[in-house]
Amino acid sequence: MQVLSVTPEIFPLIKTGGLADVTGALPIALAAKGVIMRTLIPGFPTVMAAFKKKKAVLQYPLLQGAKASVHSVQLAGLELFVLDAPHLFDRPGGPYGNATGVDWPDNWRRFAALSQVGGDIAGGAISGYQPDIVHAHDWQSAMTLAYMRYGKAVGIPSMMTVHNLAFQGQFGAGIFGELGLPAVAMALDGVEYYGGVGFLKAGLQAAWAITTVSPTYAQEIRSPEFGMGLDGLINMRSSDLYGIVNGIDTGIWDPETDKHLVSTYTARTLKARAANRAAVEERFSLDRDDSPIVCIISRLTWQKGMDILALVIDGIVATGARLAILGSGDAGLEGALLAAAARHRGRIGVVIGYDEGLSHIMQGGCDAIVIPSRFEPCGLTQLYGLRYGCVPVVARTGGLADTVIDANEAAVSAGVATGFQFTPNNGGALLHAMRRLVDAHASPAVWESLQRQGMKADVSWDKSAEKYVELYRSLLSKRVA
């Protein structure tokens, strides 16, 4: 089975969050099940720098303003189609904006181009290659399905995966004339969205199947609270909606072999985590004692509940826990957390920014990781925490609710608990969960049970990949029918 994946990010080439981890790991997991996934990605500078030999398989004399080409590349076990369009993607800063975080004003043009090429490839534009299925990810590639619907690939089954419904790619109606779509597409059942053009909405409308990255999130987005204005459309498509929880790359995230760690370990050698713990204490200037170290590895944003954390952070320190915080985001939240660290020297340490290696050491050395998100489609850091014996403390929402078993009395007695859940958007509930964590940490037998049970959890891609394969097969059967 040949599947074309279209995505703006893929690990290890370009990453701003969990999307890249998913699109980088899924093709490898699918290959073991007889599915060949080739991924179309934009030729961002880091992507183009990763390969020297170029083999153009598709040429565009004019693509959204200038010439472009598509190259077939093999990198890091991945089969890639790279869209080389310097006028769109060869820019400093991040993939979506400049160095100060301001979005590029022509993002609609950049990702319309990516999607147009995806639609062309789906329609057979590359000699010798014809995908059986097209799988698009998030708003940046969602228009691929619209180009398929109104083009040569109308009969090719397609899937739209929503990693975060909050990001939708909404643009003014004035761009429609430059998208290269027929006039009929600018309609309620096409790409039109509240008088403008909605990239994600267009993908949801055109997809043969819609998936989200956890079963709970698939249900949450059917409500006005989580539907972000698209709940009506999603409910209309509910028979085509599926929730498949993400996995992680257990080769990269493996405490027994992780080269980022000061000391590797297994569930049977948890004492070896002590060296990583000491490294965290040193890096974050924390007091050296037996109290639990709780880490936060996150974008510092409203969605992630970092304002809630900031409001109760003094209370968290009062429970006896220490905090190690790694992240960046809203300037106000960064400032609030840095101020808290200044108030509680030795109890709170903050590193603004992101450091992949440090994030591994934190998972391998901290006792717990707290994730207070208001909503979380899946979340990956709690899966890393389970894998590393870094006990997750999570808001009961989305994929967090699906992947962590709360340490209530019954679950602890049965030996199945893996972490702590609490009511989202509630500072008091977060504080209560932290007190539960500190109490559990005081009992070595209970704490080791939580760690070992979490490390036994299957957080790999194996089961999830099998569910994708089943869904691909069902879509192919519809095409045949």
Side-chain angles (χ1 to χ4, degrees), residues 1-8 35-40 57-60 62-64 68 70 81 83 108-109 111-162 168-169 171 173 175-193 197-211 230 233-234 236-242 468-469 471-481:
M1 188 189 306
Q2 297 277 350
V3 178
L4 173 66
S5 173
V6 187
T7 176
V35 175
I36 299 173
M37 176 174 276
R38 300 190 184 198
T39 305
L40 172 65
V57 292
L58 187 57
Q59 300 275 7
Y60 285 88
L62 188 66
L63 178 68
Q64 288 296 338
V70 177
F81 291 128
L83 173 56
W108 67 269
R109 186 185 300 280
F111 296 107
L114 177 70
S115 297
Q116 180 184 335
V117 173
D120 290 344
I121 295 173
I126 294 178
S127 177
Y129 178 71
Q130 177 60 62
D132 301 302
I133 305 272
V134 174
H135 189 164
H137 297 268
D138 275 355
W139 76 264
Q140 297 93 333
S141 59
M143 286 286 284
T144 300
L145 310 190
Y147 282 105
M148 291 171 62
R149 178 183 177 189
Y150 297 105
K152 295 179 180 179
V154 63
I156 304 295
S158 62
M159 182 187 299
M160 181 75 239
T161 293
V162 179
Q168 299 182 6
F171 303 99
I175 73 167
F176 180 76
E178 297 188 63
L179 294 178
L181 291 168
V184 68
M186 191 59 178
L188 184 61
D189 68 346
V191 306
E192 187 274 335
Y193 186 54
V197 175
F199 279 36
L200 181 60
K201 183 263 184 182
L204 295 174
Q205 191 82 51
W208 289 34
I210 299 166
T211 68
L230 287 167
L233 172 57
I234 291 165
M236 186 180 74
R237 300 293 317 272
S238 61
S239 62
D240 302 312
L241 177 65
Y242 305 85
Y468 276 113
V469 173
L471 189 49
Y472 292 153
R473 286 176 180 151
S474 73
L475 294 180
L476 284 175
S477 69
K478 290 180 182 179
R479 182 186 185 187
V480 172

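Model, not experiment: these values are computed from the prediction. Every heavy atom of this structure was used, including side-chain atoms; hydrogens, water molecules and symmetry mates were not.
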Legend entry - Short side-chain to backbone donor-acceptor contact, Ser477 and Ser474, under 3.5 Å: yes

Legend entry - Interatomic distance, Asp132 atom CG to Leu4 atom CG [nearest 0.5 angstrom]: 11.0 Å

N/O donor to acceptor pairs below 3.5 angstrom from side-chain atoms of residues 119-130, sequence neighbours left out:
unit_1 : atom_1 : unit_2 : atom_2 : d
Asp120 : OD2    : Tyr60  : OH     : 2.5
Gln130 : NE2    : Ala122 : O      : 2.8

Inset, instruction - Indicate the atoms forming the closest heavy-atom contact of Leu188 with Gln205, along with that distance. - result: O-OE1, 3.6 Å

Inset, instruction - Flag the pair Met160 / Leu200 as yes when at least one side-chain heavy-atom distance between them is below 4.5 Å, and no otherwise. - result: yes

Inset, instruction - Could you pull out all residues at least two apart from Arg237 that satisfy side-chain contact (heavy atoms from CB on, under 4.5 Å)? - result: Ile210, Leu233, Asp240

Legend entry - Arg38: salt bridge (charged side-chain N to carboxylate O under 4.0 Å, His left out) partners, not counting sequence neighbours: none

Legend entry - Verdict with reasoning, Ile234 to Val162, per side chain to side chain contact (heavy atoms under 4.5 Å, CB included): CA-CA 11 Å; Ile234 291 165; Val162 179; over 6 Å; no

Legend entry - Distance in Å, Phe199 CZ paired with Met143 CE, rounded so as to fall on 0.5 Å steps: 5.0 Å

Inset, instruction - Give the minimum heavy-atom separation between Val191 and Met186, together with the two atoms involved. - result: CG2-SD, 4.1 Å

Inset, instruction - Tell me yes or no: between the side chains of Thr7 and Ser141, is some donor less than 3.5 Å from an acceptor? - result: no

Legend entry - Step-by-step side chain to side chain contact (heavy atoms under 4.5 Å, CB included) determination, Val3 to Met159: CA-CA 10 Å; Val3 178; Met159 182 187 299; over 6 Å; no

Legend entry - Distance, nearest 0.5 Å, that separates CG of Leu204 from OH of Tyr193: 9.0 Å

Legend entry - Non-hydrogen side-chain atoms of Trp108 and Glu178 separated by less than 4.5 Å: yes

Inset, instruction - Using a 4.5 Å cut-off on heavy atoms from C-beta on, say whether the side chain of Lys478 contacts that of Pro157. - result: no

Inset, instruction - Write down the atom of Ile133, the atom of Tyr472, and the distance for their closest heavy-atom approach. - result: CD1-O, 3.7 Å

Legend entry - Reported CG-to-CH2 distance for the pair Leu471 and Trp208, which is rounded to 0.5 angstrom: 12.0 Å

Inset, instruction - Enter the distance from Gln140:CD to Leu114:CG here, rounded to the nearest 0.5 Å. - result: 9.0 Å

Legend entry - Result of checking Val117, Leu40, Val6 against Phe81 for side chain to side chain contact (heavy atoms under 4.5 Å, CB included): Leu40

Legend entry - NE2-CG distance between His135 and Leu145, expressed to the nearest 0.5 angstrom: 9.5 Å

Legend entry - Closest non-hydrogen atom pair between Ile156 and Met148, with its separation: O-CE, 3.5 Å

Legend entry - Considering all heavy atoms, the nearest Arg149-Asp189 contact: NH1-O, 2.5 Å

Inset, instruction - Considering non-hydrogen atoms only, spot the tightest contact between Trp139 and Phe111 and give its length. - result: CH2-CD1, 3.8 Å

